[in-house]
Number of protein chains: 2
Amino acid sequence: MRSVTIRNVADMAGVSVATASRVLSGHPSTSEVARDAVSKAATKLGFRPNAQARSLRKTSTQTIGLVLPDVRNPFFADLAHAVEQRARDFKYLTLFGNANEDADQQDRYFDIMLTQRVDGLIAAPQGNVTDLQSVLDSGVPTVFVDRVIPDTTVPSVTPDNVTGVQEAVRHLTNSGHRRIGYIAGPQSTSTGRERLAAFQSALADTHADDDADLIFFGDFQSASGAAGAHHLLELPHPPTALLAADSLMSIGAVGVCNERGLTIGTDVAFVAYDDIEAFSLINPALTVIAHDVNAMGRLAVDLLTQVIAGETPESVILPSRLIVRGSTPSLPGGLTS
Amino acid sequence: MRSVTIRNVADMAGVSVATASRVLSGHPSTSEVARDAVSKAATKLGFRPNAQARSLRKTSTQTIGLVLPDVRNPFFADLAHAVEQRARDFKYLTLFGNANEDADQQDRYFDIMLTQRVDGLIAAPQGNVTDLQSVLDSGVPTVFVDRVIPDTTVPSVTPDNVTGVQEAVRHLTNSGHRRIGYIAGPQSTSTGRERLAAFQSALADTHADDDADLIFFGDFQSASGAAGAHHLLELPHPPTALLAADSLMSIGAVGVCNERGLTIGTDVAFVAYDDIEAFSLINPALTVIAHDVNAMGRLAVDLLTQVIAGETPESVILPSRLIVRGSTPSLPGGLTS
DNA sequence: CTGAAAGCGCTTACAG
DNA sequence: CTGAAAGCGCTTACAG
């Protein structure tokens, strides 16, 4: 299936390849006669320029790479959608890589993106600088989104990982909870680390128990949320409230509560991370720590275009906030902070 | 940021570009001396072959295109994940395009995929043959997944859209329901059409009302599910059971039931499409029509590799089945079919 | 406005 | 086993 080349178009139009190329790419220096002939020939032949050949000649590929930890996580699915739609505004095609919350797959995708010569890279990375070394060395314009890697100067768009957690802990302790179980994200991610630190420092400001047993380390995927809920609820002195550091672990943990016959809101309070639509449907609806994923995706692309243009944009931190719903009722006899 | 080329590697290794190329691509005809020198030079320089140049020379790009209707739909997110993971087994990079349930965006992505010269294309398409014309004309190996376009000979992997719906209708009527509201998918999609037809023919086998008012046409997105639930529940003679044709419309519809103070399972029975994890967490858990999305994604890739190899594989239809949960209690006085 | 020619970074028959 | 050379399909100074 040999596809039609610019050569064929030029021949049919009776002009040189150079002229055909000029017409096809909208170069001003073309005669009307040439424009007509070339356009007609191109549509008649169904000509479609070869992106590889064009990219090889020009310095740009008009593509950006997006490396995310997990498409199946609704938060990242929304983020992917936001990035892609915004990239379209700049005529960029988004190459999408799904790291599966796995450092090796992530690094392989970084490699592929560089091999594909993307014009820019947006990533929600895990790990440390060594994972990024090839990307940094290549000098490809890069922006981090949601997560960052410390000790790099890569611009980023991240959520405020402190305020939401703080509000959640305050809300729970105000409602009388003293034992809050925390299902943490992996400490190889900045969000995992920052949210845990925020949780611990928020605890210190309250009368709640600061007990190492109340923290379970998950991996941001559903099964680990389930494992975490099991572990915490089996404790000799189990928590009366649970807080999970992302939506997938929240889903896993809620499932375990249901299985064990615990009524959420009554038997155990629950705060989830990320405001995904399904969480407002669970009965009672889940209290969540929310942030604006759409803005995050758009801004990441905007920052990237600036980096590509040679500028060095400031990193952005987006606010997060607590949305209180039925899963965390305010107890009448609650303490005040 | 001029990147290092094979020329640089060859120079440093003291060999010709041809030899460097042979070593780098594992061609057997190379001496150990050359292998050593080239390998060393390549790693020392951080050489990364230019995929564009390579693709231009070879006939293949080692990429496949995946055009899906909506990443934010958990079903398609899962499908994307399945396809991508399977594609990796064949060393294919997956270029991902999100049509946003929009025919124009879909067609633009088809265009982009052809321009990028993907080795193959997997799509869950909407529309009719004209949308596909350029793809068919190009002769690029193509496989449909989940959805198909009629009057084409493209191999496909689709769910059985009949059995699950049939079981759902039978289950509901056996439980005494006579008025079942149906939130249909867009009729521009094969799944939308087939599921509606299955619903109507299943109704004909029962004593349930076959009333045009009981059918609402949505677009597979959440907001239309909400609109559908509103419309149906406002009917002078409203349905006692609802069935929605995909997960996103189910989410929207369940939200509306909650808002209106209707208790699902008690005030209104509910059957959702696609077995996404969150549906088992809603209280009561939702009865769903389930199919194996993971198998669907894997098989689509397997079929595509066969098409690429010049074979003409048979299309596959995967079974779907009803999973009964709390949202559709069996009424004690239910009719028997 | 137009064409001939060089070149983007690779791969691969063709000789040797 | 190795190198010189041609060529994949484009774009773009350079002359005219």
Side-chain angles (χ1 to χ4, degrees), chain A residues 1-39 41-42 45-63 111-112 114-119 138 140, chain B residues 1-39 41-42 45-63 111-112 114-119 138 140:
Chain A
M1 191 65 46
R2 169 113 265 90
S3 54
V4 4
T5 76
I6 200 172
R7 170 87 259 162
N8 304 323
V9 175
D11 287 352
M12 172 176 277
V15 299
S16 72
V17 208
T19 299
S21 173
R22 289 197 191 90
V23 171
L24 260 9
S25 57
H27 188 101
S29 302
T30 48
S31 69
E32 191 161 347
V33 183
R35 275 198 294 280
D36 280 359
V38 171
S39 309
L45 292 171
F47 173 68
R48 190 183 307 282
N50 180 316
Q52 266 72 38
R54 175 177 290 175
S55 302
L56 189 56
R57 246 333 293 255
K58 318 192 41 149
T59 44
S60 94
T61 54
Q62 285 301 312
T63 61
D111 230 72
I112 289 174
L114 297 179
T115 300
Q116 293 291 326
R117 299 293 191 269
V118 293
D119 290 350
S138 76
V140 61
Chain B
M1 192 64 49
R2 166 116 265 86
S3 52
V4 3
T5 77
I6 200 173
R7 170 87 260 159
N8 304 323
V9 175
D11 287 352
M12 174 176 275
V15 299
S16 72
V17 208
T19 299
S21 174
R22 289 196 191 90
V23 171
L24 260 10
S25 56
H27 187 101
S29 301
T30 49
S31 69
E32 191 162 346
V33 184
R35 277 198 292 280
D36 280 0
V38 172
S39 309
L45 292 170
F47 173 68
R48 190 181 309 279
N50 181 317
Q52 265 72 36
R54 173 176 292 174
S55 304
L56 189 56
R57 246 334 292 257
K58 318 192 42 148
T59 44
S60 96
T61 54
Q62 284 301 314
T63 60
D111 230 71
I112 290 175
L114 296 180
T115 300
Q116 293 292 325
R117 299 292 192 271
V118 292
D119 290 349
S138 75
V140 62

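A, B, ... follow the sequence lines: proteins, then strands. Residue 1 opens every chain.
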Looking at the side chain of B/Ile6, which of C/dT2, C/dT11, C/dG7 is the nearest nucleotide?
-> C/dT11
Got a sec? Which of residues 17-33 of chain A come in under 4.0 Å of DNA chain C, heavy atoms?
-> A/Ala18, A/Thr19, A/Arg22, A/Pro28, A/Ser29, A/Thr30, A/Ser31
Tell me, please, which residues at least two apart from A/Asp111 pass salt bridge (Lys or Arg N to Asp or Glu O under 4.0 Å).
-> B/Arg48
Find which nucleotide of DNA chain D each of B/Ala53 and B/Val15 is nearest to by heavy atoms, and output the residue with the more 5' nucleotide.
-> B/Val15
Return the value, rounded to whole Å, for the distance between atom CG of A/Leu56 and atom P of D/dG9.
-> 12 Å
Atom pair distance, as rounded to whole Å: CD in B/Gln62 and C1' in C/dT11 = 15 Å
A/Lys58 side chain: which of D/dT12, C/dT12, D/dC10 is closest?
-> D/dT12
If every non-hydrogen atom of B/His27 is compared with every non-hydrogen atom of B/Ser29, which pair is closest and at what distance?
-> CD2-N, 3.1 Å
Which comes earlier along DNA chain D counting from the 5' end, the contact point of B/Arg57 or that of B/Arg35, where each point is its nearest nucleotide?
-> B/Arg35
Between C1' of D/dT12 and CZ of A/Arg54, the distance in whole Å = 13 Å
For residues B/Val4 and B/Val9, report the shortest heavy-atom separation together with the two atoms involved.
-> CG2-CG2, 4.3 Å
Between D/dG7 (P) and A/Asn50 (CG): distance, integer Å | 18 Å
List for me each residue that meets side-chain hydrogen bond (donor to acceptor under 3.5 Å, both in side chains) alongside B/Asn8, sequence neighbours excluded, and say none if there are none.
-> none
Whole Å only: how far is the CD atom of B/Gln116 from the P atom of D/dG9?
-> 16 Å
Which whole number of Å gives the distance between the C1' atom of C/dT12 and that of C/dG16?
-> 16 Å
Between C/dG3 and A/Ser16, is there an OP1 or OP2 to side-chain N/O distance shorter than 4.0 Å?
-> yes
Nucleotide D/dC8, atom P - distance to CZ of B/Arg117 in whole Å | 14 Å
Mind listing the closest non-hydrogen atom pair of A/Leu114 and A/Val140 along with its distance?
-> CD2-CG1, 3.5 Å
Identify all stems in which DNA chain D takes part, counting only runs of at least 3 consecutive pairs (Watson-Crick or G-U wobble, each distance under 3.5 Å), and give each as one range with another, ordered by first number.
-> C:1-3 with D:14-16, C:5-12 with D:5-12, C:14-16 with D:1-3
How many angstroms lie between atom CG of B/Leu56 and atom CZ of A/Arg57, to the nearest 0.5 angstrom?
-> 12.5 Å
Pair up each side-chain donor or acceptor in residues 10-24 of chain B with any protein partner under 3.5 Å, not counting sequence neighbours, and list the distances.
unit_1  : atom_1 : unit_2  : atom_2 : d
B/Asp11 : OD1    : B/Arg7  : NE     : 3.4
B/Asp11 : OD1    : B/Arg7  : NH2    : 3.0
B/Ser16 : OG     : B/Ala18 : N      : 3.4
B/Ser16 : OG     : B/Thr19 : N      : 3.1
B/Ser16 : OG     : B/Thr19 : OG1    : 3.3

B/Gln116 side chain reached by A/Thr63 side chain, heavy atoms, under 4.5 Å | yes
Under the 3.5 angstrom rule, does the side chain of A/Thr61 hit a backbone N or O of A/Ser55 as a donor-acceptor pair?
-> no
Separation of D/dC10 C1' from A/Asn8 CG (nearest whole Å) | 13 Å
Specify the separation, in whole Å, of atom CZ of A/Arg7 and atom P of C/dG3.
-> 11 Å
